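Everything below concerns the one structure shown next.
Because the structure is a prediction, the values reported are computed rather than measured.
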There are 2 protein chains.
Amino acid sequence: MKKTSLNDIAQQLGVSKTLVSLVLNGKGKEYRISQDVQKRVVMLAKELNYKPNQIAKGLRTGKTNTIGLIIADIANPFFGKLGREIEREAAKHGYRVMFCSSDEKAVNATQQIEMLQQGQVDGFIISPPNGSEEQIKQLKKSKTPFVLIDRYFTEIESNWVVVDNLKASYQGTEHLIKNGCKRIACITTIPGMLTMDNRLKGYKKALTDASMEIDENLIKILPFSHEITDVMNAIKELTSVEESKVDAILFTTSKVGVRGIQCLHSLNLKIPEDIAVVSFDDIDAYKISRPTITAIAQPLVEIGWHSVKVLLEEMADKRKKKELRQITLETKFVIRNSSVK
Amino acid sequence: MKKTSLNDIAQQLGVSKTLVSLVLNGKGKEYRISQDVQKRVVMLAKELNYKPNQIAKGLRTGKTNTIGLIIADIANPFFGKLGREIEREAAKHGYRVMFCSSDEKAVNATQQIEMLQQGQVDGFIISPPNGSEEQIKQLKKSKTPFVLIDRYFTEIESNWVVVDNLKASYQGTEHLIKNGCKRIACITTIPGMLTMDNRLKGYKKALTDASMEIDENLIKILPFSHEITDVMNAIKELTSVEESKVDAILFTTSKVGVRGIQCLHSLNLKIPEDIAVVSFDDIDAYKISRPTITAIAQPLVEIGWHSVKVLLEEMADKRKKKELRQITLETKFVIRNSSVK
DNA sequence: ATTCTTTATTAAATCGATTTAGCTAAATTA
DNA sequence: TAATTTAGCTAAATCGATTTAATAAAGAAT
């Protein structure tokens, strides 16, 4: 069973494919195709189960109705849930999503963007890894519509949708301070990335505002692709000296958070009695964990919604110049048992 | 900056685009294009940063180097991790992945498959929802390469990659029995789906083999799109009558598992003292939960690897008839604290 | 009777690649 | 010298749609 093409319908009816195309695209009236012929075209199309070839259509019109989504890792629940929201929102407007996991490596993201840029997608939603600045600049130069999410580059003017990481982190740290924690550590990752830098800044600012000293020994910055042993070492360092033991940890991602909590458990450190815990990203695990984990929840639905909306606007009319769309959303602080002594 | 096309290169060098195409596709020698001309073509292509338009290529060759992935929900950690493995494996062979979440609704899956089938993908990896039999049959008839994962339809001969659900479930139940549980409940979902049916069968078989009675009151089957209140109601029913209280629950998905454990916590039922727990799918949450949760881990890497491999074979040479590839993988039973009284 | 409109339709160009079939000039062989 | 081979390259068809410009036939206006 070969697929039905426009030509098949045209030949069987003895009309031109122009006519068939016009009718099936709802331009019958506009082009004054007779009712009779229109009816016959529509009926035969249905009978032969005709579906226009999207590739051919894409080549001619330059539109693919597909969005390229470049994220760190679709298996990471943050990006998984976000991906789902983007997919849902895109589908509402007739768009499909092609996703690529960059593993936070610029070389991967660059290759993926270049690949998809060759006619495969109409625009991008990108969570750009460190070092991908050049590729983003190139996207801009080539006038490909795109939105950055989760982070952006200060030196590049572009659309973006992010959350107020500094404030979120500040809230979490402030909460720990108010609950009597004196030596609060911060375990973070991906050094140099704006998002993480801001989370660290928020942590520091909260300490400073509470007239507490910032002890660089309490800040552990792990590489993106860290193993659980790296987290374990960090925690051991933070808890080795009895008189200077930390009494709280702020984890800046759920990935370090989950691993950190596993380590705390295996070191027999009680949460929150020995060490209070606050973590970014409100994942399922934090809800069923005992104790439940206090979390900084990101508004995934809103991030998805806004990023698709901005991208659609950007793609809508390529000619006219648009103002930049830079959206900062608020996180939600969910207090649970891990942080209340 | 417009994109460079084959024609641009051809015109600038004063040669035909045939020549340019041949050279850039490595057929220079075969067609005896002179070394000098070849060199000039390659150099100009690099200089103009030429990248072939994939849409045009796809139209001509009928190949898109894209795989369509239809799953229930990319935000579900099982499918998220699986998706990642599929993406990774596909990328190794030069394929990209387009994903669609069906929400276990046949109408969605059908629409998504039909959409992508119009030239957008070369083949499918599908986790088919109940009721999508007709669409799968249609795929077969149209000779579109595909593999089913996680489940399949017994009445349709097709390639598939699944796990031995009956055995996995049997193991989990047997383990609970050996640990002294007398009244073991099973909370499951998606009635009528092969995967879930087999998990239920394994549970029943383990009970029967241990000469224990199968009490239908201990089996709760929730719809796919259940809320936490549904799980709560099920658990309340299972624990309401004091003298017939259950002492263990087998959850057949991590989605019900996570919610079930939340309910147990909020009902102040101790795990495992009051109720022992075993759940399918070894998610992060089960590792950091206190107590840690005994889980039936699915071999995600292997499922991903096999499904891509089978699909690639299927796509390789459409003409020759291939034997069916039906692969059943083993799960891994991870014993933790939630099931050991 | 001639020109202008309107109706109903189509031929052909186009998107950007791949691929088949063929062509010219030089070199080699008979 | 004529016939054949080889080297080096190209014209044109093709994939399946969309879209521009054109056209034939019929009716209306002058």
Side-chain angles (χ1 to χ4, degrees), chain A residues 2-42 45 48-66 115-122 318, chain B residues 2-42 45 48-66 115-122 318:
Chain A
K2 233 192 19 220
K3 255 164 240 160
T4 309
S5 78
L6 258 196
N7 229 337
D8 298 338
I9 299 181
Q11 289 194 350
Q12 285 195 41
L13 288 178
V15 298
S16 71
K17 47 185 183 154
T18 306
L19 186 149
V20 179
S21 171
L22 290 173
V23 170
L24 296 179
N25 283 303
K27 300 188 185 160
K29 257 151 288 173
E30 191 184 334
Y31 281 80
R32 306 169 278 225
I33 310 297
S34 66
Q35 286 300 319
D36 174 54
V37 173
Q38 288 208 43
K39 207 171 287 174
R40 279 159 59 215
V41 167
V42 171
L48 297 179
N49 192 30
Y50 170 73
K51 301 272 159 51
N53 180 314
Q54 297 298 318
I55 291 288
K57 194 169 179 168
L59 178 59
R60 177 65 233 239
T61 62
K63 287 233 15 164
T64 59
N65 283 290
T66 303
M115 193 79 238
L116 297 187
Q117 216 188 340
Q118 309 318 129
Q120 297 238 104
V121 303
D122 297 338
K318 280 206 176 186
Chain B
K2 233 191 22 219
K3 257 165 237 159
T4 308
S5 77
L6 258 196
N7 230 336
D8 298 336
I9 298 182
Q11 289 195 350
Q12 284 195 41
L13 288 178
V15 298
S16 71
K17 47 184 184 158
T18 307
L19 186 149
V20 178
S21 171
L22 291 173
V23 169
L24 295 179
N25 282 304
K27 299 188 184 163
K29 259 152 287 175
E30 191 184 335
Y31 282 80
R32 305 169 280 224
I33 310 297
S34 68
Q35 285 301 317
D36 174 55
V37 173
Q38 288 208 40
K39 207 172 287 175
R40 282 160 55 213
V41 168
V42 171
L48 297 179
N49 193 29
Y50 170 73
K51 301 270 160 50
N53 180 314
Q54 297 299 318
I55 292 287
K57 195 171 179 167
L59 179 58
R60 179 62 233 240
T61 62
K63 286 234 13 164
T64 59
N65 282 289
T66 303
M115 193 78 238
L116 297 187
Q117 217 188 340
Q118 313 315 128
Q120 297 238 104
V121 303
D122 297 338
K318 280 204 177 187

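- At a threshold of 4.0 angstrom between heavy atoms, the contacts of B:Lys63 with the nucleic acid are absent.
- At D:dC15, none of the side-chain N or O atoms of B:Lys57 fall inside 4.0 Å of OP1 or OP2 (strictly under the cut-off).
- Counting to the nearest Å, the C1' atom of D:dC15 and the NZ atom of A:Lys3 are 13 Å from each other.
- Between B:Leu22 atom CG and C:dT20 atom C1' there is a gap of 11 Å when expressed in whole angstrom units.
- Taking atom CG of residue A:Leu24 and atom C1' of nucleotide D:dT19, one finds them 15 Å apart after rounding to whole Å.
- Nearest to the side chain of B:Arg60, among D:dG16, D:dT19, D:dC15, sits D:dC15.
- Backbone-only contact: B:Ser5 has heavy atoms under 4.0 Å from sugar-phosphate atoms and none from a base.
- Between B:Ile55 and B:Leu19, the residue anchored nearer the 5' end of DNA chain C, judged by the nucleotide with its closest heavy atom, is B:Ile55.
- If you find the closest nucleotide of DNA chain D to A:Leu6 and to B:Ser16, the one lying nearer the 5' end belongs to B:Ser16.
- In terms of heavy-atom proximity, A:Asp122 sits nearest to A:Asn65 at OD2-N, 2.7 Å.
- Among the protein residues, B:Ser34 comes within range of the sugar-phosphate backbone only, with heavy atoms under 4.0 Å from sugar or phosphate atoms but none that close to a base.
- Side-chain N/O atoms of A:Tyr31 include none lying less than 4.0 angstrom from OP1 or OP2 on D:dA21.
- Summarising the geometry, the separation between CD on A:Gln120 and P on C:dA17 is reported as 13 Å, rounded to the nearest angstrom.
- Regarding A:Asp8, its CG atom lies at a distance of 8 Å from the P atom of D:dG16, rounded to whole Å.
- Phosphate contact (OP1/OP2 of D:dG8, side-chain N/O of B:Arg32, threshold under 4.0 Å): absent.
- Across C:dT14, C:dG16, C:dT18, the shortest atom-to-atom separation from the side chain of B:Ser21 is found for C:dT18.
- Counting to the nearest Å, the P atom of C:dA8 and the CD atom of A:Gln38 are 10 Å from each other.
- Residue B:Asn25 has a polar side-chain atom (N or O) positioned under 4.0 Å from OP1 or OP2 of C:dT18.
- For the side chain to side chain contact (heavy atoms under 4.5 Å, CB included) test with A:Lys51, the passing option among A:Asn49, A:Asn53, A:Leu48 is A:Asn49; the others fail.
- Note: NZ (A:Lys27) to P (C:dT7) measures 19 Å, nearest angstrom.
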Residues B:Gln54, B:Thr66; criterion side chain to side chain contact (heavy atoms under 4.5 Å, CB included); working and verdict:
CA-CA 11 Å; B:Gln54 297 299 318; B:Thr66 303; over 6 Å; no
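- Looking at heavy-atom distances under 4.0 Å, B:Thr18 makes contact with a base.
- Closest of all the heavy-atom pairs between B:Thr4 and B:Tyr50 is O-CD1, 3.3 Å.
- A distance of 9.5 Å separates CG in A:Leu22 from CD in A:Gln38, rounded to the nearest 0.5 Å.
- One can place NZ of B:Lys17 at 15 Å from P of D:dC15, the figure rounded to the nearest angstrom.
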